[in-house]
Amino acid sequence: QLQLVESGGGMVQPGGSLRLSCAASGFDLNDHVVGWFRQAPGKESEGISCISVGGGVTSYTDSVKGRFTISRDKDKNTVYLQMNSLKRDDTAVYYCVSDYYHDCPPSPQFEYWGQGTLVTVSE
């Protein structure tokens, strides 16, 4: 069973922080490109971040640049998304995506998708 699982979502106040985790089961995430999509209520999905196979190249969409950081822990077969200075507009379901052949930025063509984890930014 090849699976991608997100965790770490929850409710946080504006200005707060959360760290999302993306763990692979049944395959080696370290030889896959990994990205993050999010879908806010009533809006279309948007790719917000991506990390190369080696972890040396990262990218971010402008709305999260400077606030979010994507990283790898190769020993744990896990990719993280550290989210700081969260805003109400960051409220969304966040999806981890991964692919062996496609390069960053993330796209709907990526083979593996997680189930999503909900992030709610509210007072």
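Numbers here are sequence positions counted from 1. Any value given below was found using the heavy atoms of this structure, including those in side chains, with hydrogens, waters and symmetry copies removed. None of the values given here were measured: they were computed from a predicted structure.
Residues C96 and W36 are in side-chain contact: their nearest non-hydrogen atoms beyond the backbone lie under 4.5 Å apart. By the 4.5 Å heavy-atom criterion applied to side chains, L20 and Y95 are not counted as neighbours. A heavy-atom distance below 4.5 Å is found between the side chains of R88 and E123. Using a 4.5 Å heavy-atom threshold, the side chains of S49 and F68 count as separate. For the pair D90 and M83, the minimum side-chain heavy-atom distance is 4.5 Å or more. Residues I70 and C50 are not in side-chain contact: their nearest non-hydrogen atoms beyond the backbone lie 4.5 Å or more apart. Residues L29 and L4 have side chains in contact (heavy-atom distance under 4.5 Å, counting atoms from C-beta outward).
Scanning both residues, S85 and S17, for their nearest heavy atoms gives N-OG, 4.3 Å. Looking at every heavy atom in both residues, T78 comes nearest to S21 through CG2-CB, 4.3 Å. Of all heavy-atom pairs between G54 and K74, the closest is O-NZ, 3.4 Å.
V97 and I51 fall into different hydrophobic clusters, defined by Ile, Leu, Val, Met, Phe, Trp and Tyr side-chain heavy atoms under 4.5 Å apart, directly or through other members. Hydrophobic clustering places I48 together with Y112 (ILVMFWY residues linked when any side-chain heavy atoms are closer than 4.5 Å, directly or through intermediates). By the criterion of side-chain heavy atoms lying less than 4.5 angstrom apart, applied directly or through intervening Ile, Leu, Val, Met, Phe, Trp or Tyr residues, V64 is grouped together with L81 in one hydrophobic cluster. A single hydrophobic cluster is seen to contain both W113 and L118, as judged by linkage of ILVMFWY side chains at heavy-atom distances under 4.5 Å, directly or through other members.
Here the two rings, on F27 and Y100, have centers that are 6.0 Å apart or farther.
For S52, the side chain to side chain contact (heavy atoms under 4.5 Å, CB included) criterion is met by V57, not counting sequence neighbours.
For the pair Q115 (side chain) and E6 (backbone), a donor-acceptor distance under 3.5 Å is present.
Residue pairs meeting the side chain to side chain donor-acceptor pair (under 3.5 Å) criterion with at least one member in residues 22-34, sequence neighbours excluded, are D28-N30.
Distance check: E46 CD to R38 CZ gives 4.5 Å after rounding to the nearest 0.5 Å.
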